[in-house]
> 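Okay, here's the structure, questions in a sec.
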There are 2 protein chains.
Amino acid sequence: MPINMKSIAAQAGVSVATVSRALNRPEMVHPATREKILAIVEDLNYAPNRFAQGLSTGKTKLIALVVPTLNNSFFGQLADGCQSYLISEGYNLIIYSYEEYGHKELGIIHDIDQRMIEGLILSGSGFYLDTYQEMLNKIKIPVVLVENSPETTGISSVYIDDVAGMTMAAQYLINQGHKQIGIIAGPEKMLTTDRRIKAVRNVFKDYHLNLNEKHVIFGEYASLESGATALQKLMKNRKPPTAILAFNDILAIGALKAAIQLGLKIPKDLAIIGFDDIPMAAYYSPALSTIHSPSLDLGKHAARLLLEKLTEADAPIKKMLLPVELILRETT
Amino acid sequence: MPINMKSIAAQAGVSVATVSRALNRPEMVHPATREKILAIVEDLNYAPNRFAQGLSTGKTKLIALVVPTLNNSFFGQLADGCQSYLISEGYNLIIYSYEEYGHKELGIIHDIDQRMIEGLILSGSGFYLDTYQEMLNKIKIPVVLVENSPETTGISSVYIDDVAGMTMAAQYLINQGHKQIGIIAGPEKMLTTDRRIKAVRNVFKDYHLNLNEKHVIFGEYASLESGATALQKLMKNRKPPTAILAFNDILAIGALKAAIQLGLKIPKDLAIIGFDDIPMAAYYSPALSTIHSPSLDLGKHAARLLLEKLTEADAPIKKMLLPVELILRETT
DNA sequence: ATAAGTTCTGCAAACGGTTACACGTTTTTG
DNA sequence: CAAAAACGTGTAACCGTTTGCAGAACTTAT
């Protein structure tokens with residue numbers, strides 16, 4: 001015996017239409033009838049079948065989140081943030097992590113139709129500068145970008161204040177007397193990479209310093225190994241850096257490990273500042289100085305912005321900038 | 001102009017039924033017709049609407065995964081593993097992380113009906129011994145358990161060889177001459193905790209040693225902080241341990257950090273072995289000795305077992321035990 | 001008491017597929 | 001060469017909702 005509207009209707013002695021209305025537009029049905037129906041609904045713990053709803057309304061309350069990988073606290077927290085907000089609003093989240101999934105096409109464009117996904121939250125490094133707009137053009141549903149280009153027009157996005165973060169970090173290091181600063185960046189074509197590196201260059205300019213191009217290493221997005229090899233390469237320079245700016249904590253920790261293995265004293269021989277402030281940063285040994293970014297909030301705000309676009313026809317495009325904080329621990 | 005079956009049918013000059021058959025049971029339709037239809041389908045990049053399919057077949061190809069949190073590489077990888085396998089089989093995954101979501105009821109039971117979720121992969125610590133069976137009884141769809149009780153009857157499960165892992169670790173420490181071994185366990189009522197602690201007790205018995213009950217600390221599931229406080233408590237004992245077995249790497253790293261802060265030399269004053277071998281383990285400083293468990297595979301196998309149950313009516317209950325490995329690094 | 005509103009409810013079509021059944025066509029068989 | 005079997009396709013019911021439309025029942029105004 002399936003518990004569907006029909007059975008509710010039968011029990012209440014009304015038509016399915018009335019049950020539907022009692023649920024969706026209560027003011028349209030007579031109080032007495034409504035009470036009766038709702039009591040039965042409550043009693044049977046009935047909830048409408050979303051598929052049928054989806055078919056008939058075109059609304060499925062399904063949102064997709066795209067992340068590079070879940071094997072990184074930053075995205076894990078981001079996902080948790082989206083999740084919790086969406087669930088509270090009656091939406092569900094499908095997460096696509098393209099590292100394991102295999103990048104090609106992401107298949108999402110396909111699923112958007114098949115699954116009738118209503119909105120998309122795009123995060124991470126997968127969306128490179130050159131293929132970026134092209135990709136977005138193919139998507140016909142509302143999109144919110146996380147940690148991506150504020151330059152992109154027409155799309156709401158939530159991002160953290162990269163520029164402020166990098167600026168603070170670079171200024172701090174320079175004020176500490178560092179002249180040779182190594183940059184361990186993410187992939188070259190990534191938007192965040194771009195933004196952050198420009199911020200560093202600007203600080204250097206302000207201080208009338210020169211950024212040694214050999215001290216800039218592009219690598220994988222967030223891999224411990226990539227951080228380690230970057231550091232090794234940096235230290236082989238004739239004038240090795242005395243401080244490192246890493247574009248995320250995973251890279252920073254990889255670098256930190258490599259530095260320790262090279263026998264460097266941290267922070268005396270080498271100072272390191274990361275980015276993100278993943279939980280592990282405070283617990284590394286030595287504890288990593290880093291830029292704190294509110295990843296959970298990032299997710300929540302992204303989800304909120306998306307739902308706004310979904311439910312309010314005239315929701316304006318918003319660019320939301322979340323503040324960051326420089327947290328000084330033991331690596332500086 | 002929506003691209004649905006109707007439009008395909010119109011273009012091919014056949015009925016929707018034939019299109020449906022061409023897609024689902026190709027052998028039933030005349031090769032020539034089939035070719036024609038498939039060509040159009042290909043051309044328009046058509047894919048059937050899953051909601052409509054779901055409504056009429058009852059199959060939605062939606063699987064849910066329950067994890068405590070995504071803010072832990074172990075579960076991140078687990079999720080990635082499930083994801084990649086499921087996607088390759090045409091399924092989609094909805095992830096519920098109950099830490100952020102709020103534990104109560106998990107709401108999943110609700111969503112299972114609403115969303116017509118076909119199968120469930122349950123992982124993690126949320127399912128405690130006492131409420132465990134009760135919870136499972138409420139679920140009417142196929143379930144696969146990850147890292148959970150092999151004692152549970154009637155349910156397929158994938159788990160790692162806790163017992164072998166803990167046994168190896170304990171034996172190793174004892175053979176190294178440690179007599180006072182501290183245990184930093186997860187929550188007391190968790191099934192894995194139970195299994196692992198029994199394994200340790202057995203090793204002690206085999207060696208005719210006594211496990212000091214004061215050396216066993218139960219804590220949160222996987223929190224750095226909980227690991228740190230556990231260690232502090234342990235070291236306050238009159239006879240503090242000279243080695244630590246932590247039930248996961250997060251706890252281990254928390255403990256490690258606390259130990260370093262107490263000025264202990266690792267591994268001379270204190271040896272530590274973790275569990276899971278998250279990527280960070282190798283990159284911690286000192287690198288953490290740990291039991292490697294194949295979290296990605298865990299996910300893939302769980303997903304595979306679930307699909308077997310879904311598609312093969314008589315799929316047998318399977319208990320799959322994945323082997324672990326003791327990896328000795330710098331903390332032993 | 002009747003006309004004109006208001007409420008409230010039911011009917012039925014639609015959403016986009018799947019599939020049992022029936023029917024016309026072709027092939028096989030004795 | 002007719003009867004039987006096999007094949008290919010269309011018709012229509014169904015899955016569980018939502019919602020425009022129409023009509024019944026009740027108010028209110030005249």
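First the proteins, then the strands, lettered A, B, ... as listed; each starts at 1.
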> What residues from residues 54-62 of chain B pass a heavy-atom cutoff of under 4.0 Å to DNA chain D?
B/L55, B/S56
> Please report, rounded to the nearest Å, how far the P atom of D/dC14 is from the CG atom of A/N4.
14 Å
> Ignoring hydrogens, what is the shortest heavy-atom contact between A/S15 and A/A9? Give both atom names and the distance.
C-CB, 3.7 Å
> Given A/D113 and B/Y46, is the side-chain hydrogen bond (donor to acceptor under 3.5 Å, both in side chains) satisfied, shown in steps?
CA-CA 9 Å; A/D113 291 333; B/Y46 165 81; over 6 Å; no
> Can a donor-acceptor pair be found, under 3.5 Å and without considering hydrogens, that links the side chain of B/T57 to the backbone of B/Q53?
yes
> Whole angstroms only, please: what is the CG-C1' distance between A/N49 and D/dC15?
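Value for this atom pair: 9 Å.
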> Counting just side-chain N and O atoms, does A/Y46 come under 4.0 Å of either OP1 or OP2 of D/dT17?
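Yes, A/Y46 has a side-chain N/O under 4.0 Å of OP1/OP2 on D/dT17.
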> Quickly work out the A/M5 CE to D/dT19 C1' distance and round it to whole Å.
12 Å
> If I compare all heavy atoms of A/R115 with all of B/G90, which pair ends up nearest, and what's the gap?
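So the minimum-distance heavy-atom pair works out to NH2-O, 4.3 Å.
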> Is there a donor-acceptor contact under 3.5 Å linking the side chains of B/N71 and A/D80?
no
> Angle between ring planes, B/Y221 versus B/F75, binned at 30° and 60°: parallel, tilted or perpendicular?
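Ring orientation of B/Y221 relative to B/F75: tilted.
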> Give me the first and last nucleotide of DNA chain C, going 5' to 3', that has any atom under 4.0 Å from a heavy atom of chain A.
C/dC8 to C/dG16
> Using modelled atom types only, decide if a donor and an acceptor are shared between the side chain of B/T193 and the backbone of B/P187 within a distance under 3.5 Å.
yes
> May I ask you to list the residues of residues 15-44 of chain A, by number, that have any heavy atom positioned under 4.0 Å from an atom of DNA chain D?
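Heavy-atom contacts with DNA chain D come from A/A17, A/S20, A/R21, A/N24, A/R25.
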> Taking A/P26's backbone N and O only, do any of them form a donor-acceptor pair with A/R34's side chain (distance below 3.5 Å, no angle check)?
yes
> Is the backbone N or O of A/D314 less than 3.5 Å from a side-chain atom of A/K309, with the two atoms forming a donor-acceptor pair by type?
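A pair under 3.5 Å: no.
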> Distance from B/Q77 atom CD to B/K300 atom NZ, nearest 0.5 Å?
11.0 Å
